[in-house]
Amino acid sequence: MNILILGSGGREHTFAWKISQSSLCNQIYIAPGNAGTQQHGTNVAINPMDFEAVKKLTIDKNINLVLVGPEAPLVAGIYDFFKKDADLQDIPVIGPSAKGAQLEGSKAFSKAFMAKRNIPTAGYREFTQATIQEGLAYINQQTPPIVLKADGLAAGKGVLILNDVEEAKMEFSAMLDGKFGAASEKVVIEDFLDGIEFSVFVLTDGKDYKVLPIAKDYKRIGEADTGLNTGGMGAISPVPFVDEVLMQKVTQRIIIPTVKGIAADELDYKGFVFIGLIKVGDEPYVIEYNCRMGDPETEVVLPRLENDLLELLVALAEGKLNEIDIKISEKAATTIMLVSGGYPETYEKGKVITGFNKVTDSILFHAGTKQAGDDIVTNGGRVLAITSYGDDFKSALAISNKNANLIEFDKKNYRTDIGFDL
Ligand code: AMP
Ligand code: GLY
């Protein structure tokens with residue numbers, strides 16, 4: 001089979017690495033890819049949001065399956081674009097329809113979806129410019145922290161957690177005034193949940209489902225979870241506190257009603273559901289849904305998956321997911337993200353990366369890198385994910401830390417304390 005992977009991060013490099021191990025795999029194309037993905041296939045310099053260019057590539061390269069990494073093309077309807085086109089409609093796209101992607105693309109949609117099925121999540125209200133006064137009055141009645149969420153996609157920046165009522169009112173008004181453009185024309189105000197987060201990844205065809213390894217990512221830039229939020233500075237899998245009792249609750253109260261809800265609402269969903277969860281006391285609540293895999297969670301989830309990923313995706317596309325048994329390694333995996341100094345605010349690109357050949361015992365997944373002549377240079381905030389295995393996440397972390405020290409680029413930054421709170 002010829003596979004097209006859309007995206008350019010560590011998640012997509014991990015997809016390419018895993019699919020290249022499949023006996024079903026012939027050629028892999030990655031659009032646009034990075035310096036790591038080209039180890040497993042051919043990078044093609046097109047933007048995944050340019051559906052006509054994706055179509056041309058799919059036809060020219062005789063693609064048999066498209067795996068969509070990031071959320072933006074899904075929310076914009078790449079699945080539907082394929083289904084409506086006579087030349088493309090038989091080529092499976094892994095990822096939901098635009099309607100299904102609303103689980104991530106609209107907080108109001110996902111909150112209503114959960115409310116309808118009593119899926120445990122924070123209580124909430126939604127407001128627009130027309131109901132701004134009610135919103136301000138609502139905030140006045142709250143005890144901080146106050147959680148404000150832009151309804152739409154805001155590049156991971158649309159959630160604000162504020163410790164002061166007056167500041168929350170200012171931010172709320174600014175959001176409705178267009179702080180995040182159209183994404184914050186509607187704002188959801190949620191109850192604050194105090195607990196510890198983890199992530200569950202479900203593959204579903206809207207009928208059956210399979211649960212992939214559980215993970216936890218570390219989003220803050222600073223050690224001990226301090227400083228600004230990032231896309232993710234590291235991750236571990238499995239998560240020690242997620243035991244069978246907790247997973248039973250997650251399955252019964254969250255996963256099964258979610259898959260049933262997808263079917264009942266006819267969301268046309270053949271892809272990943274990333275369920276961001278928080279454990280409050282002993283009970284799980286949904287923080288958010290995403291319609292794709294996580295990054296850097298993919299860099300620890302797929303290394304622990306022993307199945308042939310392509311076989312799994314083909315079964316998904318053919319509605320035969322129930323014929324597959326998921327096999328998960330007993331080993332733990334930990335990943336550390338090397339980032340550009342300054343990230344998640346401003347940072348420089350184009351720094352030469354050295355030390356690749358000094359790395360032993362880890363897998364390097366490229367995130368923001370590109371080939372520049374004979375050099376590999378930085379090309380984003382998150383640069384390289386260093387994944388290692390171990391008997392537990394701590395022994396895996398020690399190997400990733402050793403190798404994080406051996407890779408060099410100007411203003412390299414990373415966290416050494418992934419899993420510190422466990
Ligand atoms: P998101 O950008 O949607 O991933 O949300 C960013 C982070 O905000 C989450 O990972 C949580 O740490 C936090 N968060 C979101 N909603 C809540 C909530 N209701 N209570 C507490 N923390 C939350
Ligand atoms: N690491 C969080 C995400 O992929 O959204």
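Counting starts at 1 for both ligands and their atoms, in listed order. If you read the sequence from its start, that first residue is 1, and numbering goes on from there. Everything numeric here is computed off the predicted structure, so don't read it as measured data.
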Write out each pair where an N or O from ligand 2 and one from the protein are under 3.5 Å apart, with the distance.
| unit_1 | atom_1 | unit_2 | atom_2 | d |
| --- | --- | --- | --- | --- |
| ligand 2 | 1 (N) | Asp217 | OD2 | 2.8 |
| ligand 2 | 1 (N) | Gly231 | O | 3.1 |
| ligand 2 | 1 (N) | Asp295 | O | 2.9 |
| ligand 2 | 1 (N) | Glu297 | OE1 | 2.9 |
| ligand 2 | 1 (N) | Glu297 | OE2 | 3.2 |
| ligand 2 | 4 (O) | Arg292 | NH1 | 3.1 |
| ligand 2 | 4 (O) | Asp295 | N | 3.0 |
| ligand 2 | 5 (O) | Arg292 | NH1 | 3.4 |
| ligand 2 | 5 (O) | Arg292 | NH2 | 2.9 |

### Query
Does Asp151 reach the main-chain N or O of Val187 with its side chain, forming a donor-acceptor pair under 3.5 Å?
no
Using residues 217-225 as the side-chain source, report each donor-acceptor pair under 3.5 Å to any protein atom, sequence neighbours left out, with the distance given to one decimal.
| unit_1 | atom_1 | unit_2 | atom_2 | d |
| --- | --- | --- | --- | --- |
| Tyr218 | OH | Asp421 | OD1 | 2.7 |
| Arg220 | NH1 | Gly227 | O | 2.8 |
| Glu223 | OE1 | Thr416 | OG1 | 3.1 |
| Glu223 | OE2 | Thr416 | N | 2.6 |
| Glu223 | OE2 | Thr416 | OG1 | 3.2 |
| Asp225 | OD1 | Arg415 | NH1 | 2.9 |
| Asp225 | OD1 | Arg415 | NH2 | 3.1 |

### Query
Parallel, tilted or perpendicular: which describes the rings of Phe356 and His366, with under 30° parallel and over 60° perpendicular?
parallel
### Message
Once ring-ring contact (aromatic ring centres under 6.0 Å, His included) is applied, what residue pairs with a partner in residues 219-258 remain, sequence neighbours excluded?
### Response
Phe198-Phe241
### Query
Do Asn34 side-chain atoms and Thr369 backbone N/O form a donor-acceptor pair below 3.5 Å?
no
### Query
Is the Lys NZ or Arg CZ of Lys83 less than 6.0 Å from the centre of Tyr79's six-membered ring, within 45° of the axis?
yes
### Message
Quick check against the 3.5 Å criterion: does Thr298 have a side-chain atom that pairs as donor or acceptor with the backbone of Asp295?
### Response
no
Once you restrict both partners to nitrogen or oxygen, which atoms of ligand 1 have a protein partner under 3.5 Å, and how far apart are they?
| unit_1 | atom_1 | unit_2 | atom_2 | d |
| --- | --- | --- | --- | --- |
| ligand 1 | 3 (O) | Lys107 | NZ | 3.3 |
| ligand 1 | 3 (O) | Glu288 | OE1 | 2.8 |
| ligand 1 | 4 (O) | Glu288 | OE1 | 3.4 |
| ligand 1 | 4 (O) | Glu288 | OE2 | 3.0 |
| ligand 1 | 10 (O) | Glu197 | OE1 | 2.9 |
| ligand 1 | 10 (O) | Lys219 | NZ | 3.2 |
| ligand 1 | 12 (O) | Glu197 | OE1 | 3.4 |
| ligand 1 | 12 (O) | Glu197 | OE2 | 2.4 |
| ligand 1 | 16 (N) | Lys149 | NZ | 3.0 |
| ligand 1 | 19 (N) | Glu190 | OE1 | 2.6 |
| ligand 1 | 19 (N) | Asp191 | O | 3.0 |
| ligand 1 | 20 (N) | Leu193 | N | 2.8 |

### Query
Side chains of Gln21 and Asp308: does their closest heavy-atom pair fall under 4.5 Å?
no
### Query
Do the numbers put Arg11 on top of the ring of Phe15, so that NZ or CZ is under 6.0 Å from the six-membered ring centre and no more than 45° off the axis?
no
